[in-house]
Number of protein chains: 2
Amino acid sequence: MSKQTTVPEPLEATERPTILDVAAACGVSPATVSNVLANKPYVKEQTRLLVQQKVAELGYRVSRAAQSLRTGRSGSVGLIIGDISNPYVAEIVRGVEEVLWAKRNNLILCNTEFYADRKMAYAGSLLDQHVEGLILVSQTFSEDEARLLGLADVPVVTVNRPCEVLRADQVGVDGAGGIRAAVQYLAQLGHQRIAFVKGAASSPSANDRYAAYRKAVRAHGLVSDAALVVQGDYTMESGSIAARELWTREAAPTAIVAANDLMAIGALGALKEMSIDVPRDVSVIGFDDIFLSNHPLVRLTTVHYSKRDIGLNAARLLMRRIEGERSDGPRTVTLDTSLIVRGTTAPPHALKGVKPLRALKVQKTHDADASAKTQAQSTRAASIARSSRRTSQS
Amino acid sequence: MSKQTTVPEPLEATERPTILDVAAACGVSPATVSNVLANKPYVKEQTRLLVQQKVAELGYRVSRAAQSLRTGRSGSVGLIIGDISNPYVAEIVRGVEEVLWAKRNNLILCNTEFYADRKMAYAGSLLDQHVEGLILVSQTFSEDEARLLGLADVPVVTVNRPCEVLRADQVGVDGAGGIRAAVQYLAQLGHQRIAFVKGAASSPSANDRYAAYRKAVRAHGLVSDAALVVQGDYTMESGSIAARELWTREAAPTAIVAANDLMAIGALGALKEMSIDVPRDVSVIGFDDIFLSNHPLVRLTTVHYSKRDIGLNAARLLMRRIEGERSDGPRTVTLDTSLIVRGTTAPPHALKGVKPLRALKVQKTHDADASAKTQAQSTRAASIARSSRRTSQS
DNA sequence: TTGTAAGCGTTATCAT
DNA sequence: ATGATAACGCTTACAA
């Protein structure tokens, strides 16, 4: 607990040496220094050593600006996202960062708050910087936007949303499959009245999931009733409102499927406040398996997939394009999902006797197929990932 | 649901025009184009218009690399963090991004996973890029590291951790005050045996908070017992283990203060699994007020402060340095905390009759003092923030 | 108000 | 195996 009393001397701020300074110090040409730095094989060992020593001695650092200007490559990738503080997104960012780091590329983070003008401004700035590629999370470019930016020659990968204009590669999650599994599981438990809380109206993924719900309800011969469907917007708040709304209507559901965990958890909160017991009175299933859902206090049954893998795949797809891969069309990676059964699901009240089927895993995870494996480039990141996915090519 | 059948034409990929192309197209010199782009006041209106039109027409974009090389300024800031997927950190990042966006600076995100070598590699790369400044979250540079990098002339701001070597500005939260308030509140409720779950051993903030706990226990004449203290590491898991550990010991506590919410919530989970009722059998208080803590299923009493404000302040401090502000010493911004009483605290079992004091807010938020207000630069960001803080100057 | 020209620090080409 | 030189695209004195 003793306090440091001597103020440490601030480090000296000195002029930054250039490659010419290093060359001069070594008595060689700048080209040679450059060759050493670039690990060119034909440099004499002795020269290499000398240069390396002087580099360290002088504290020389390349100027990326000059390097970039000369080579036309920036070594940076832009990541445009709507809301970085969404924990779901943070995981994706982490995955992206992981593979960029492996390739020593920089990640320029652009948080748009979902404003189109901010998205455009950022995209423009990224283009100014000659970013090697762009990853868009839950966002796209319209044709006009793409034209305005003139971003025809920069590879783009989108997450959770297509971008036909740019023929961008795309990674997403099999939302329909996940919802299907959720409904199927509830049907097997004996539920007939299964409600659905829709995601944000503007989101394609929300539509996919809703369509899958409808289809599954029909397939299993369950109650199909407009009063069982309520519009949410992917926020916890909206899930809470949705649950209250449902108990306002004629006949309450015996189960709720929400288009994401946040809404499911919001619903859980509202149900608790209404003293409706989960899973005794009603079962709840979410989608995403966010961190929170696994907590002992929550234990939400949900559709799981790896957020990190989404980031990993998006970045890998992008790196492949950056590294010059050509293909006839955009690639699409769709991550599989699996249903994780936790504590918020049980047979409906009336059927108390039926056994709960706890062990069931509807859509099981399987390994990447051979083609995906062959195509994967980033070995470091690949060895860390345990991504399960299907790769298709249009 | 009809599928789009016509594949849209991919946009044409064209050579990127330079400022010379624009100049030629306009019949003016490149200098003039540059002047227009830089909004120099003395350009003839007609010329300005012409140039702007041609710029749009050709889809010209400046080359940041060239610009950077020429001016020596990159317009980017590096953010070095340990774990982006930590929701607590994501909020900070959002705050930082907010003010950088306002100043049209880029944010280069570096996720170190808390590896020193990764931190160093990233810092080096950032320096290569001539970043205008660095923000370190929960990390520092040792003297050796700073020397090795030669980062004497780049402004650095640290979050949650000092960096004496570089005389870096610093922003943090008043951990001691928060813990003091928590213990005081519990004492007022009548608790005598208050346990403490420590944060990561290597973290200075963990030490601060523990010291504050000890001091407060003494000040209020509460039970001071080594058996009431258990080491955690800021993870939820460790909080869960800590709770179990506590109920392994001779006499259980009637309250637990954890050095962060994650551990408090982990403890909540373990307590639930042990069928120990909160707050009837034991009260729990956390620190951070993360998103999760406010959920109806959790309702954790906790020490609150604005994560976003931390980011906002860090970025503002940095921008001030970048804009050339000199001062005798490093600045420190310490955010105040407030105790948020929710559902996990109550008088100890024995004292059931005592009224719960729900309304008490121990450390109330007060407005920024005059000096802080005057010093604040970023008006846009400032208007958004409702940060309460103290600014000191050493 | 506009044009000329130098130079920022690299790397790539071509000689040697 | 190394060196000389040009060029990358821009900004900024300074000249006109």
Side-chain angles (χ1 to χ4, degrees), chain A residues 14-52 54-55 58-76 124-125 127-132 150 153, chain B residues 14-52 54-55 58-76 124-125 127-132 150 153:
Chain A
T14 72
E15 269 307 291
R16 199 163 144 159
T18 75
I19 203 170
L20 273 73
D21 298 321
V22 178
C26 297
V28 301
S29 78
T32 299
V33 176
S34 176
N35 286 333
V36 170
L37 265 26
N39 267 311
K40 290 280 157 56
Y42 44 71
V43 184
K44 205 207 298 172
E45 195 53 24
Q46 190 187 337
T47 321
R48 179 186 306 280
L49 259 31
L50 175 63
V51 170
Q52 282 166 342
K54 290 292 177 195
V55 161
L58 299 176
Y60 166 78
R61 309 215 65 105
V62 286
S63 157
R64 285 274 265 203
Q67 209 172 36
S68 234
L69 177 59
R70 180 61 235 241
T71 63
R73 320 188 353 81
S74 67
S76 322
S125 164
L127 257 24
D128 291 349
Q129 291 175 69
H130 273 278
V131 284
E132 321 243 347
D153 42 2
Chain B
T14 73
E15 267 309 289
R16 200 163 143 158
T18 75
I19 203 170
L20 273 74
D21 297 322
V22 178
C26 297
V28 301
S29 79
T32 299
V33 177
S34 176
N35 286 332
V36 171
L37 265 25
N39 267 311
K40 289 281 156 57
Y42 45 72
V43 185
K44 205 207 298 173
E45 195 52 23
Q46 191 188 339
T47 321
R48 180 187 306 281
L49 258 32
L50 175 63
V51 169
Q52 282 167 342
K54 290 293 178 193
V55 161
L58 299 176
Y60 167 78
R61 309 216 64 106
V62 285
S63 159
R64 285 273 266 205
Q67 208 172 37
S68 228
L69 178 58
R70 179 59 233 243
T71 64
R73 322 187 352 80
S74 66
S76 321
S125 165
L127 257 23
D128 291 349
Q129 291 176 68
H130 273 278
V131 284
E132 320 242 349
D153 41 2

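Chain A is the first sequence line, chain B the second, and so forth, proteins listed ahead of strands; every chain is numbered from 1.
- The distance from the SG atom of A:Cys26 to the CG atom of A:Leu58 is 7.5 Å, given to the nearest 0.5 Å.
- DNA chain D is contacted by both B:Leu20 and A:Ser29; A:Ser29 maps to the nucleotide lying nearer its 5′ end (nearest heavy atom per residue).
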| request: Show the numbers, then the answer: is there a salt bridge (charged side-chain N to carboxylate O under 4.0 Å, His left out) between B:Asp128 and A:Arg64? | output: CA-CA 5 Å; B:Asp128 291 349; A:Arg64 285 274 265 203; 5.8 Å; no
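- Atom P of nucleotide C:dC8 and atom CZ of A:Arg61 are separated by 21 Å, given to the nearest angstrom.
- The interatomic distance linking A:Ile19 (CD1) with D:dA4 (C1') rounds to 14 Å, in whole Å.
- Comparing atom distances between the A:Gln67 side chain and each of D:dC10, C:dT11, D:dT2 picks out C:dT11 as nearest.
- The shortest distance between side-chain heavy atoms of A:Leu49 and A:Gln52 falls below 4.5 Å.
- When rounded to the nearest whole Å, the span between CZ of A:Arg48 and C1' of D:dT2 equals 13 Å.
- Atom P of nucleotide D:dT5 and atom CZ of A:Arg70 are separated by 16 Å, given to the nearest angstrom.
- Summarising the geometry, the separation between CG on A:Asn35 and P on C:dA12 is reported as 9 Å, rounded to the nearest angstrom.
- Looking at the side chain of A:Thr71, the nearest of the listed nucleotides C:dA12, D:dC10, D:dG3 is C:dA12.
- Candidate nucleotides C:dA12, C:dG3, D:dT11 were compared by shortest atom distance to the side chain of A:Lys40, and C:dA12 ranks first.
- Using a 4.0 Å heavy-atom distance criterion, A:Arg73 is classed as making no nucleic acid contact.
- Comparing B:Lys44 and B:His130 by the nucleotide of DNA chain C that holds the closest heavy atom to each, the one mapping nearer the 5' end is B:Lys44.
- In this structure, A:Leu69 atom CG and D:dA7 atom C1' are separated by 9 Å, rounded to whole Å.
- If you check every strand for non-hydrogen atoms under 4.0 Å, B:Ser68 touches nothing.
- With hydrogens and angles ignored, the 3.5 Å screen pairs a side-chain donor or acceptor of B:Arg16 with a backbone N or O of B:Val62.
- For the atom pair B:Asn35 CG and B:Lys44 NZ, the distance stands at 14.0 Å (nearest 0.5 Å).
- Within the structure, every side-chain polar atom (N or O) of A:Tyr42 is placed at least 4.0 Å from both OP1 and OP2 of D:dG3.
- The distance from atom CG of A:Leu37 to atom P of D:dT2 is 14 Å, rounded to the nearest whole Å.
- Mapping A:Pro41 and B:Ala31 onto DNA chain D by nearest heavy atom places A:Pro41 at the nucleotide closer to the 5' end.
- If you check D:dT2, C:dT2, D:dC10 against the side chain of B:Thr32, the one that comes closest is C:dT2.
- Atom pair B:Arg16:CZ and D:dC10:C1' shows a separation of 12 Å (rounding to whole Å applied).
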